[in-house]
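All ligand and atom numbering here is 1-based and tracks the order in the structure.
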Amino acid sequence: MTTFNPNDQAAKDSGIFGLPYAVSDAKLVLLPVPWEATTSYGGGTANGPHAIFEASKQIDLFDHELGNFFEAGIAMVDEDAALKKWNCVAKAAAQKIIAADDLSEKDRADAMEVVNSLAEKVNHYVYQETKKYLDEGKQFGLIGGDHSSPFGAIKAFLEHYPEMSILHVDAHADLRKAYEGFENSHASIMQNVISKTPLKKLVQVGIRDFCEDELHFIKENSSRIVTFFDGDIVDQKMSGKNFSSVCDGIISHLSNEVYVSFDIDGLDPRFCPHTGTPVPGGLDYTEALYLLKKVVLSGRKIIGFDLCEVSLGENSAKDFVDPAAEWDANVGARLLYKLCGYTLR
Ligand SMILES: [Mn+2]
């Protein structure tokens, strides 16, 4: 600890962002959830936490806006070996269901049972871990994994902060009632949050890929869900409304305690070309940061967050095979650092 110099290059055995803190010393704990069982299009997001961890070491710790906030201590928990195994088993079962049309009813039901029961285990693990750190008085962020990863975390946060709202940045509404039959699909996370938790307000931003049922669901639940569609934000900007007042409109729906659920594909895909389900359009990196900054400046408190769907693509695994894919991890790590900064503020 005494030899740590934030201006030096990260040491080989250092933690996330090159920091020297153990989880027990850290004010902010990051939980990796390498889970992507129900990935429907491009995979690889289970490697997201590791890729972000590696890329995080090149970040300059001093932040022009937030200063040396890392001194509060930030540490990432080791990936859970059992969870990694569950991911492999569930992914194989899910692929069987997605790929084969000639699957017998029984085989299909069996495979579905494997996926659903392992997803329940993940939810339980994430809930327990989140609750543990919140009970210890730590701040908490989760690194996915696909966007189904944080369900247990959101549940635990709601027990600690019943009045909290969620700021959800995403290309997708994630309000499907099960996707491809999977109850805990990445495309259903906010449907599950709305139907299975007492969350009072979900504020969605950047949404540009959704089905008509999801739109109906938003309208049916208009007291709990406010959606800022990407197209509407673009219309406002194109006709001369400045982004600052667009942000004010979004933020006005948030309660004082804000949990951020950030799907990287909410950004323009040039910032996340290897994410599983990229969609053209979306927020600029700087716009996303500006929105988060304005949340804090409004006097609201960011109490925690998840960052999901960062991926290097399916085959690049852990060794950065495609040099272009390292970009996704670089953006993810920088966004993560800012999320940590705003949470520690
Ligand atoms: Mn999502």
Roughly how far, to the nearest 0.5 Å, is the CD1 atom of Ile154 from the CG atom of Leu199? 8.0 Å
Taking both backbone and side-chain atoms into account, decide whether Asp146 has an N/O/S atom under 2.8 Å from the Mn ion (ligand 1). no
Among Leu335, Leu339, Ile166, Val258, find the residue that satisfies the side-chain contact (heavy atoms from CB on, under 4.5 Å) test when tested with Phe305. Leu339
Short N-O contact, Arg176 and Asp213, less than 4.0 angstrom: no
Start with the C-alpha gap between Phe228 and Ile207, add the side-chain angles, then the distance that decides, and say whether side chain to side chain contact (heavy atoms under 4.5 Å, CB included) holds. CA-CA 7 Å; Phe228 289 83; Ile207 313 302; over 6 Å; no
Looking only at N, O or S atoms in His147, which is nearest to the Mn ion (ligand 1)? ND1
Verify the cluster assignment for Phe140 and Val295: are they in a single hydrophobic cluster under the rule of side-chain heavy atoms below 4.5 Å apart? no
Asp265 near the Mn ion (ligand 1) via N/O/S, less than 2.8 Å: no
Closest N/O/S atom of Asp174 to the Mn ion (ligand 1), by atom name? OD2
The Mn ion (ligand 1): angle it makes with OD2 (Asp263) and OD2 (Asp170), nearest 10 degrees: 100°
